Structures are given as C-alpha cells and as structure tokens.
A.B. asks: 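Please find one structure pasted underneath; my questions will follow.
Here the structure is a predicted model, which is why all the values come from computation and not from measurement.
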Amino acid sequence: MNDRALVDNALRYFLEVARQGSINKASNELHVAPSAVSRQIARLESELGTQLFERLPTGMRLSPSGELLAGHARKARLEAARIIDEITGLEGIQKGMVHIASIEGLASYLLPHVIGEFRKKYWGIHFDLQICSSAEVTRRVREGNADIGLAISPPPERDIKVEKRIMAPIYAIMAKDHPLASKKQVTLAQLSNYPLALPTPDTTVRQLFDVSCSRQGLLIEPVMVCNFVNSLIQFAACEGGITLFGEVSIRHLNDGSELKALPIKDREMSARTIEVQTMAGRTLPKGVAAFLEPLCMALE
C-alpha cells in the first residue's frame, strides 16, 4: 500500500511540478505523460479559481496561491504515509524510518551517538541522515523530505516548528600539549600567534570569526581553509595547529581525546544557536516523535 490510496493524483502531480519546476521533468519522475500532468494542474486551477504556477521561460514557479496549496499538500502526503503505516502495522515504535537533515558538525559525532543509543531500545527504527547546509536543512523539513532538521542560526520560517533551540558558542580546538591548552578560555588575539585552520566563508563559524576580527582590527590569515570537518580536526591535532568548532559538535573531545576544546572570550563567538526543526502542523510518526526526546536532551 502507498500514499496513492489516500492522496489525490492532482495533488501528487502538483507537488512534483513544484519540486521539479517543470511539467516535463515531473512527468519523467511520475512515469506519466506530460499531458496528464498538465490536465491535473489545469483541473486544480479551475476548481480553486486561481493560478497555482507562474509560467516562465525557465520553467514553472509557484504563485502565492500555489505556495499555500503546496504547504497543505505536503502535510496531506505525510499524514497519508503515517496513516498507511498505522493500517499496515508498521507504525509501531519498533519499526519505521526517521529522515534527518543536519549540518555536518552535528552529524560527525552527536547524531550517530544519539542514534546508536536510541536503537539499543528501538532496534527496528532505521535512519536516513543527510548532510547539507542550514538553508537546505530547513527547505527539506518544510517540503517534507526530512522529518527532523538540525540547523545553525536559521532565520524564522513559515511552516517550521522549532522543537528545541540552544546557544551554540564557538570553541578553539587544539592538541592537549598546545601552549594554550592549559588556559580556561582564549581570545582571538591569542589565537593569532598560532597556525589556524578555518571552515569555508559560507559557514557561521567563519562569518562570526571574520566579524569579530574586523571589529577588533585583527588581521588573521588561516594557513588552511577546508569544508571537511575531519580534516580540520586532524589539523588541530598536528604541529601546534588550532581550528574552530561549535561547542555541541566537539563536546566529546575533552573525554579521552588527545584534543582540547576551549571557549573563546570574544562576544561574537557566542552569537550562534542550534535549532531542531519539524514541519509545523504535522502529526509526527511515533518513531520520529520518540527520537526527538533523546535528541533534544543530548543537545542540552
């Protein structure tokens, strides 16, 4: 059994056109003729008395009315899937799939750890974890492609429910024998005397670092820039290097690791938050709802 039993074809076709931005691309994904997709869209527009798409030379873009319908249709599709799971006996907490979209930092340690602990009790729950930018995390949750999203300092979004929000200060990561490792906290000025590896400019860590340096008139050139978490961590373990990460992402390092994580005193380096997001107005499947609790607790 699938959601076709409970979700009208017109809504399914409409959502696919919205996702693909093209009737032809949608027809390929749906394995139906483009004319069939066009008819269903035309029927919806006729019945609702409004234009759902703007027809552009580059493709189809949702109109304001289309955006409203898309929000309803996504919830209807997810609710149908939940009901079907219940009917077929897959909704029990011992079976099911949890789809998660997350920024890379939280997926490197925290999420695998929480998932592993959760599955000791609920061994039948499986997980699909996708790593993406904060903006992509929110988009996936809003469009129903992720049950849970973990994003960094996202702007407020319609159709997004914030299940948990915590502060996410940035820490300096270094080897335990580093000259600064004995300190309780450090400043960016102190870090400027040592080789520094930083994430790419599109990350909040780098953006807040640049803002703080600019405010203080500090000119700090990183010796390495990288978009891969493990490479930055390995750099910090070598040759007196230092890197920067959010506290939640690396709080495990002080336990049995050869690395040390120290808070950074400069005020901009504390101006981040982590959000746990779900789709607003959606009834979550039991497995997803059950996983939310230990996830939010682990972020404390």
Side-chain angles (χ1 to χ4, degrees), residues 1-88 90-91 96-103 126-149 151 154-155 157-161 277-285 288:
M1 187 184 296
N2 55 44
D3 64 5
R4 294 183 184 182
L6 298 179
V7 179
D8 182 74
N9 274 346
L11 286 181
R12 292 197 305 110
Y13 292 6
F14 163 77
L15 278 178
E16 195 60 39
V17 174
R19 188 169 76 91
Q20 299 289 343
S22 161
I23 285 178
N24 286 334
K25 290 180 181 178
S27 72
N28 288 335
E29 289 295 319
L30 294 164
H31 304 293
V32 298
S35 59
V37 178
S38 294
R39 281 196 302 271
Q40 294 288 6
I41 299 301
R43 179 170 73 82
L44 273 177
E45 291 183 324
S46 175
E47 290 178 353
L48 294 172
T50 187
Q51 183 176 318
L52 299 175
F53 290 97
E54 297 174 16
R55 275 72 171 177
L56 306 172
T58 54
M60 307 273 281
R61 184 173 65 192
L62 287 171
S63 68
S65 297
E67 291 282 2
L68 289 174
L69 181 61
H72 161 75
R74 287 166 185 145
K75 291 185 180 73
R77 186 191 65 188
L78 292 168
E79 183 66 6
R82 187 183 69 84
I83 293 297
I84 289 167
D85 280 352
E86 204 167 281
I87 291 171
T88 56
L90 297 177
E91 174 62 350
M97 175 72 75
V98 180
H99 298 270
I100 304 173
S102 174
I103 56 169
H126 293 191
F127 290 82
D128 173 37
L129 174 58
Q130 298 294 320
I131 311 307
C132 40
S133 67
S134 278
E136 177 67 7
V137 166
T138 300
R139 187 186 71 80
R140 289 185 179 220
V141 172
R142 186 177 60 247
E143 295 184 359
N145 296 317
D147 300 311
I148 299 171
E157 290 273 356
R158 190 178 65 183
D159 298 327
I160 292 293
K161 178 182 179 183
Q277 303 175 336
T278 59
M279 180 189 286
R282 178 190 176 194
T283 301
L284 296 175
V288 176

A.B. asks: Could you tell me which residues satisfy ring-ring contact (aromatic ring centres under 6.0 Å, His included) with Phe14, sequence neighbours excluded, listed by chain and number?
C.D. replies: Phe53

A.B. asks: Going by side-chain hydrogen bond (donor to acceptor under 3.5 Å, both in side chains), name the residues that satisfy it together with Glu54, two or more places apart in sequence or in a different chain.
C.D. replies: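 Only Arg61 meet the side-chain hydrogen bond (donor to acceptor under 3.5 Å, both in side chains) criterion with Glu54.
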
A.B. asks: Do Arg77 and Arg12 come within less than 4.5 Å of each other through their side chains, counting heavy atoms only?
C.D. replies: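 Not in contact.
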
A.B. asks: Looking at residues at least two apart in the chain, or sitting in another chain, which of them share a salt bridge (charged side-chain N to carboxylate O under 4.0 Å, His left out) with Arg55?
C.D. replies: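 Partners of Arg55 by the salt bridge (charged side-chain N to carboxylate O under 4.0 Å, His left out) criterion, ordered by chain and then number, come out as Glu45.
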
A.B. asks: With a 4.5 Å cut-off on side-chain heavy atoms, are Arg140 and His99 touching?
C.D. replies: no

A.B. asks: Using atom types as modelled and distance alone, determine if a side-chain donor or acceptor of Ser65 lies under 3.5 Å from a backbone N or O of Thr50.
C.D. replies: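 A pair under 3.5 Å: no.
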
A.B. asks: The criterion is side-chain contact (heavy atoms from CB on, under 4.5 Å); which residues satisfy it with Ser27, sequence neighbours excluded?
C.D. replies: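 Expected list: Pro34, Val37.
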
A.B. asks: State, with a plain yes or no, whether a side-chain heavy atom of Val141 is found less than 4.5 Å away from one of Asp159.
C.D. replies: no

A.B. asks: When rounded to the nearest 0.5 angstrom, what distance separates CZ in Arg74 from CZ in Arg19?
C.D. replies: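 If we round to the nearest 0.5 Å, Arg74:CZ and Arg19:CZ are 10.5 Å apart.
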
A.B. asks: Excluding sequence neighbours, so at least two apart, what forms salt bridge (charged side-chain N to carboxylate O under 4.0 Å, His left out) with Arg43?
C.D. replies: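 Listed in chain order: Asp8, Glu47.
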
A.B. asks: Any side-chain heavy-atom pair from Leu78 and Lys75 closer than 4.5 angstrom?
C.D. replies: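 Heavy-atom side-chain distance check fails, nothing below 4.5 Å.
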
A.B. asks: Between Met60 and Ile23, does the side chain to side chain contact (heavy atoms under 4.5 Å, CB included) criterion hold? Intermediate values first, please.
C.D. replies: CA-CA 8 Å; Met60 307 273 281; Ile23 285 178; 4.0 Å; yes

A.B. asks: Which residues pass the side-chain contact (heavy atoms from CB on, under 4.5 Å) test with Leu68, sequence neighbours left out?
C.D. replies: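 By the side-chain contact (heavy atoms from CB on, under 4.5 Å) rule, Leu68 matches Arg158.
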
